[in-house]
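See below for the structure under consideration.
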Amino acid sequence: MAIVRGREFLRFVAAHERELRRALRKNVTYDPEIFDDVFSAAIVKVYDAIASGRDVRDYRQYFFVAAKFEYINRDNINRRDRNRAQPLEAAEGIADTRGPVADMRPLLTAIRRRVARVFGRRWRILYERHRGGEPFSAIARGEGLHPRDVASTLHAVERYVANNRRIQQLKRQYYDADNQ
């Protein structure tokens with residue numbers, strides 16, 4: 001049954017490929033270096049999930065979630081590789097470009113304070129551990145939580161930061177001052 005649903009997904013992709021590519025370019029990435037790889041890998045991941053028995057009701061949504069995570073992984077790998085390959089001569093010029101980064105500290109501090117008011121102090125521990133590359137399951141074991149609680153907390157923080165009007169206003173103020 002799962003393989004039949006997998007074939008159904010592949011038919012869906014064949015019928016909607018142009019639309020999916022256009023939406024992926026618009027909403028996720030159009031980095032020509034990795035676009036085709038992300039598109040193909042997302043199709044394979046969704047097919048594998050369906051073939052292994054996962055109940056996927058909305059192919060489009062599941063495809064875009066898989067594509068987003070694949071893009072993030074590829075982008076992080078490319079970024080890490082570019083940073084490793086940087087010659088020493090180029091690294092000497094970095095000191096000159098760090099000025100704007102130091103100016104972000106007040107913005108980040110203000111955002112952290114707003115998030116702490118809503119989510120308490122625990123979100124920061126979860127965030128730092130996840131940012132360090134720890135999976136939700138390891139964080140959950142270390143903090144005595146369920147992995148879904150860790151994931152839902154971090155996702156809720158992301159949504160809060162993305163949708164909070166005051167935080168958006170702070171960001172605009174920072175970027176407007178930076179561009180002047």
Side-chain angles (χ1 to χ4, degrees), residues 1-83 104 107-108 111-112 114-115 118-119 122-124 126-140 145-172 174-175:
M1 179 65 181
I3 293 177
V4 172
R5 292 200 35 115
R7 286 187 195 138
E8 186 180 303
F9 168 71
L10 292 178
R11 282 190 209 105
F12 168 82
V13 170
H16 298 91
E17 180 179 4
R18 196 172 194 186
E19 177 186 341
L20 291 172
R21 283 183 177 275
R22 189 177 313 122
L24 187 64
R25 275 188 201 103
K26 180 181 175 189
N27 298 318
V28 179
T29 181
Y30 186 60
D31 183 349
E33 287 181 30
I34 62 175
F35 179 81
D36 287 327
D37 293 337
V38 168
F39 187 80
S40 301
I43 292 171
V44 170
K45 284 186 178 194
V46 174
Y47 176 82
D48 288 345
I50 293 169
S52 68
R54 177 159 295 203
D55 183 29
V56 177
R57 296 180 195 279
D58 186 353
Y59 293 145
R60 185 182 317 270
Q61 179 183 2
Y62 203 86
F63 170 80
F64 283 115
V65 169
K68 180 179 179 182
F69 283 114
E70 185 63 27
Y71 167 71
I72 290 168
N73 284 338
R74 299 279 174 128
D75 192 46
N76 288 342
I77 289 168
N78 286 347
R79 188 177 303 128
R80 186 177 60 227
D81 290 346
R82 279 192 299 261
N83 289 341
M104 280 188 72
L107 172 66
L108 294 174
I111 291 172
R112 285 183 188 125
R114 289 200 160 274
V115 172
V118 174
F119 293 95
R122 184 168 236 172
W123 78 270
R124 183 84 185 267
L126 301 177
Y127 174 77
E128 293 298 332
R129 289 182 70 179
H130 183 62
R131 187 172 166 213
E134 264 186 88
F136 292 145
S137 57
I139 297 169
L145 299 169
H146 192 278
R148 284 187 186 147
D149 294 336
V150 173
S152 64
T153 299
L154 291 174
H155 294 308
V157 168
E158 288 175 357
R159 280 192 305 274
Y160 175 78
V161 170
N163 297 324
N164 182 277
R165 287 182 182 165
R166 180 62 184 140
I167 289 176
Q168 297 309 312
Q169 186 179 22
L170 289 169
K171 286 181 182 180
R172 276 193 297 277
Y174 168 77
Y175 290 118

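Residue numbers run from 1 in the order of the sequence given.
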So, taking the atom named [atom1] in [X] and the one named [atom2] in [Y], what distance separates them when rounded to the nearest 0.5 Å?
{"X": "Ile139", "Y": "Glu128", "atom1": "CD1", "atom2": "CD", "result": "10.5 Å"}
{"X": "Asp48", "Y": "Arg54", "atom1": "CG", "atom2": "CZ", "result": "11.5 Å"}
{"X": "Leu10", "Y": "Glu17", "atom1": "CG", "atom2": "CD", "result": "11.5 Å"}
{"X": "Tyr62", "Y": "Lys45", "atom1": "OH", "atom2": "NZ", "result": "10.0 Å"}
{"X": "Asp36", "Y": "Leu24", "atom1": "CG", "atom2": "CG", "result": "10.0 Å"}
{"X": "Glu158", "Y": "Thr153", "atom1": "CD", "atom2": "OG1", "result": "11.5 Å"}

Next item on the list: Verify, without hydrogens or angle tests, whether His130 (side chain) and Leu126 (backbone) share a donor-acceptor contact under 3.5 angstrom.
Entry: no

Note to self: Between Ser52 (side chain only) and Ala49 (backbone N and O only), is there a donor and an acceptor less than 3.5 Å apart?
What the structure shows: yes

Note to self: For Arg21 and Arg18: C-alpha separation, side-chain torsions, deciding distance, then whether side-chain contact (heavy atoms from CB on, under 4.5 Å) applies.
What the structure shows: CA-CA 5 Å; Arg21 283 183 177 275; Arg18 196 172 194 186; 5.9 Å; no

Next item on the list: Go through the steps for Val56 and Glu8 under the test side-chain contact (heavy atoms from CB on, under 4.5 Å), then give the verdict.
Entry: CA-CA 11 Å; Val56 177; Glu8 186 180 303; over 6 Å; no

Next item on the list: Examine the side chains of Gln169 and Arg172 and answer whether a donor and an acceptor come within less than 3.5 Å of each other.
Entry: no

What heavy-atom pair brings [X] and [Y] nearest, and what distance separates the two atoms?
{"X": "Ala67", "Y": "Val38", "value": "O-CG1, 3.5 Å"}
{"X": "Tyr47", "Y": "Arg7", "value": "CE1-N, 4.1 Å"}
{"X": "Pro147", "Y": "Ala140", "value": "N-CB, 3.5 Å"}

Check: How far apart are the C-alpha atoms of Ile167 and Tyr160, what are their side-chain angles, what is the distance that settles it, and do they pass the side-chain contact (heavy atoms from CB on, under 4.5 Å) test?
Finding: CA-CA 9 Å; Ile167 289 176; Tyr160 175 78; 3.8 Å; yes

More than 12 heavy atoms from other groups under 6.0 Å of [atom1] on [X]:
{"X": "Arg148", "atom1": "CZ", "result": "no"}
{"X": "Tyr127", "atom1": "OH", "result": "no"}
{"X": "Lys68", "atom1": "NZ", "result": "no"}

Notebook entry, point to check: Are the aromatic rings of Tyr71 and Phe39 close, with centres under 6.0 Å apart?
Noted result: no

Next item on the list: Answer whether the closest heavy-atom distance between the side chains of Phe136 and Leu154 falls below 4.5 Å.
Entry: yes

Checklist line | Close side-chain approach of Arg114 and Leu170, heavy atoms under 4.5 Å | finding: yes

Check: Can you name the residues that form a side chain to side chain contact (heavy atoms under 4.5 Å, CB included) with Val13, not counting sequence neighbours?
Finding: Phe9, Leu20, Ile43

Checklist line | Partner set under side chain to side chain contact (heavy atoms under 4.5 Å, CB included) for Phe69, not counting sequence neighbours | finding: Val65

Next item on the list: Starting from the C-alpha separation in whole Å, work towards a yes-or-no answer on side-chain contact (heavy atoms from CB on, under 4.5 Å) for Arg124 and Phe119.
Entry: CA-CA 9 Å; Arg124 183 84 185 267; Phe119 293 95; over 6 Å; no

